[in-house]
Amino acid sequence: MGPPRFAGIDAGGTSFKLAVASGLDTILAETRIPTTTPAETLARAGRWLAEQGPLAGLGMGAFGPVGIGPGASHGRLFVTPKPGWSGVDLIEPLARHVDAPIALDTDVNVAALAEQRLGAGQDVESFAYVTIGTGVGLGLVVGGKAARSRLHPEAGHIFVPHHPARGEFPGACALHGDCVEGMACSAAITARWGVSPDQLPDGHPAWDMLGHYLGHLALNAVLVAGVDRVILGGGIGTRPILAAQVTRSLSRLIGGYGAIAEARGGVETMVRTAALGPGAGTLGALLLAMDAAA
């Protein structure tokens with residue numbers, strides 16, 4: 001009969017990445033489906049999963065905002081910038097094809113779960129996982145467990161003091177303009193500097209500015225949630241220069257309140273680059289499926 005098989009979906013606004021595995025080191029099948037219309041995307045994902053044979057569980061990390069608490073909004077997207085996806089139920093279309101428990105969380109939370117078990121969060125009980133790319137998202141692991149409520153943390157939308165060199169740039173967030181996301185996401189970088197983030201050399205002043213905004217976000221996570229570490233992920237977050245700039249900014253912001261860093265072994269231990277790269281979302285979704293079926 002063989003070992004049980006689990007499926008994971010990293011459901012992003014650009015594509016859905018799917019994997020089926022019998023263990024985290026035994027990936028049996030993988031595919032990527034472009035995120036088009038809800039009906040087409042979810043139907044294609046469901047059909048592919050059905051073709052893989054019986055599953056013991058399905059885990060899904062979804063873009064949002066999405067309901068992750070119990071009740072009528074569970075698995076349903078709220079108003080989202082992704083055209084056509086507001087109000088969509090992510091679970092019911094997949095349940096038509098998958099006869100197994102379906103567990104859902106945010107894309108950031110499942111990536112945090114993977115980093116907790118397998119990556120840069122293994123040696124601490126509490127950390128914030130910050131993804132910086134198309135948006136700025138934050139997942140919290142506190143006391144070894146993901147912090148969950150009816151929705152999820154939206155720390156990318158907080159406001160912090162602006163960098164002195166901001167100039168007249170209004171920010172790129174469609175909701176708030178110059179929140180952290182509006183000043184640090186990939187669209188903000190392209191609009192502010194005229195080049196995409198992957199074209200920025202390490203010596204470019206954009207990294208100092210990103211370190212400023214994300215250093216303030218890191219300080220808020222430490223002060224409000226009491227996390228021991230901030231892990232930087234996503235397409236921009238995994239650039240090593242960013243961890244150095246955020247550490248520098250965080251150290252400056254801590255200032256004379258040295259106990260914050262001293263209690264955590266020094267400020268240099270408090271910021272890390274994510275260890276699992278772009279595969280964290282899929283691995284976390286598989287872990288979610290395995291946990292739900294246990």
Closest non-hydrogen contact found for A274 with G233 is CB-CA, 3.9 Å
Within this structure, what is the CG-CZ distance for the pair L140 and F127, rounded to the nearest 0.5 Å? 9.5 Å
Where do V246 and V130 land on the side-chain contact (heavy atoms from CB on, under 4.5 Å) test, with the steps shown first? CA-CA 12 Å; V246 173; V130 181; over 6 Å; no
Heavy-atom donor-acceptor pair, Q52 side chain to L49 backbone, under 3.5 Å: no
What are the two closest heavy atoms between G61 and A285, and how far apart are they? N-CB, 4.3 Å
Crowded around Y257 OH? As in, over 12 foreign heavy atoms under 6.0 Å? no
With a 4.5 Å limit on heavy-atom distance, are the side chains of V222 and R229 in contact? no
Could you report the tightest heavy-atom contact between Q199 and P201, atom names first, then the distance? O-CD, 3.3 Å
Side-chain heavy atoms of M270 within contact of L250, under 4.5 Å: yes
Write down the atom of S126, the atom of G226, and the distance for their closest heavy-atom approach. CB-O, 4.4 Å
Does H97 reach the side chain of R47, with side-chain heavy atoms less than 4.5 Å apart? yes
Side chains of P205 and W193: closer than 4.5 Å at any heavy-atom pair? yes
Can you tell me if T26 uses its side chain to pair, donor with acceptor, with the backbone of S22 under 3.5 Å? no
May I ask you to check whether over 12 heavy atoms, not counting those of Q122, lie within 6.0 Å of atom CD? yes
For the backbone of A165 and the side chain of H163, can you confirm whether one donor and one acceptor N or O come within less than 3.5 Å of each other? yes
For T80 and G64, indicate whether the former's side chain and the latter's backbone hold a donor-acceptor pair under 3.5 Å. yes
Atom CE in M183, atom SG in C173: separation rounded to 0.5 Å? 11.5 Å
Same cluster for L286 and L90 if Ile/Leu/Val/Met/Phe/Trp/Tyr side chains link at under 4.5 Å? no
What do you reckon, is CG of D198 surrounded by more than 12 foreign heavy atoms closer than 6.0 Å? yes
Could you state the interatomic distance from CZ (R239) to CD1 (I132), rounded to the nearest 0.5 Å? 12.5 Å
Could you tell me whether the side chain of T282 and the main chain of D10 form a donor-acceptor pair under 3.5 Å? no
Taking NZ, NE, NH1 and NH2 as the nitrogens, is one of them in E92 or R96 under 4.0 Å from a carboxylate oxygen of the other? yes
Under 3.5 Å, side chain of H212 to main-chain N/O of P164, donor-acceptor pair present? no
S73 side-chain N/O to R76 backbone N/O, donor-acceptor pair under 3.5 Å: no
Pairwise side-chain contact, L77 with S86, heavy-atom cut-off 4.5 Å (strictly under): no
Assess the residue pair F6 and V20 against the criterion (side-chain contact (heavy atoms from CB on, under 4.5 Å)); give the C-alpha distance rounded to whole Å, side-chain angles, the decisive distance to 0.1 Å, and a yes or no. CA-CA 6 Å; F6 301 91; V20 171; over 6 Å; no
Answer yes or no: is there an ion pair linking D107 with K17, defined by an N-O contact shorter than 4.0 Å? no
The single option from I91, L18, L104 passing side-chain contact (heavy atoms from CB on, under 4.5 Å) against M60: L104
Would you call the rings of W85 and F63 parallel, tilted or perpendicular, where under 30° means parallel and over 60° means perpendicular? perpendicular
Mind listing the closest non-hydrogen atom pair of A56 and A293 along with its distance? O-CB, 3.6 Å
Is there a path of hydrophobic side-chain contacts, each under 4.5 Å between heavy atoms, that joins V141 and V124? yes
Looking only at non-hydrogen atoms, find the nearest pair between K82 and G13 and report the distance. NZ-O, 2.7 Å
I would like to know whether I231 and T273 meet side-chain contact (heavy atoms from CB on, under 4.5 Å); could you show each step before the answer? CA-CA 6 Å; I231 298 172; T273 301; over 6 Å; no
Can you tell me how far CG of L138 sits from CD of E181, rounded to the nearest 0.5 angstrom? 12.0 Å
Student check: side-chain heavy atoms of L28 and R5 closer than 4.5 Å: yes
Test your reading of the model: is there a side-chain donor-acceptor pair from S249 to the backbone of Q245, 3.5 Å cut-off? no
Please round to the nearest 0.5 Å and tell me the distance separating atom CD1 of I102 and atom NE2 of H74. 9.0 Å
Check: E115 side chain, A120 main-chain N or O, donor-acceptor pair, under 3.5 Å: yes
When you group the ILVMFWY residues by side-chain heavy-atom contacts below 4.5 Å and let the links chain together, are I27 and L287 in the same group? yes
Examine W207 and V230 and state if one hydrophobic cluster contains both, with Ile, Leu, Val, Met, Phe, Trp and Tyr joined whenever side-chain heavy atoms are less than 4.5 Å apart. yes
Same cluster for V136 and Y213 if Ile/Leu/Val/Met/Phe/Trp/Tyr side chains link at under 4.5 Å? yes
Enter the distance from I158:CD1 to N220:CG here, rounded to the nearest 0.5 Å. 4.0 Å
Side chains of R32 and S15 only: does a donor on one sit below 3.5 Å from an acceptor on the other? yes
Please assess R117 against D291 for the test side-chain contact (heavy atoms from CB on, under 4.5 Å), listing each intermediate value before the final yes or no. CA-CA 12 Å; R117 303 275 183 89; D291 288 352; 2.7 Å; yes
NZ/NE/NH1/NH2 to OD/OE distance under 4.0 Å, R248 and D208: yes
Any side-chain heavy atom of D105 sitting closer than 4.5 Å to one from L113? no
Taking the side chain as C-beta and beyond, is there a heavy-atom pair between L232 and T238 under 4.5 Å? no
Donor-acceptor pair, side chain of T41 and main chain of T36, under 3.5 angstrom: yes
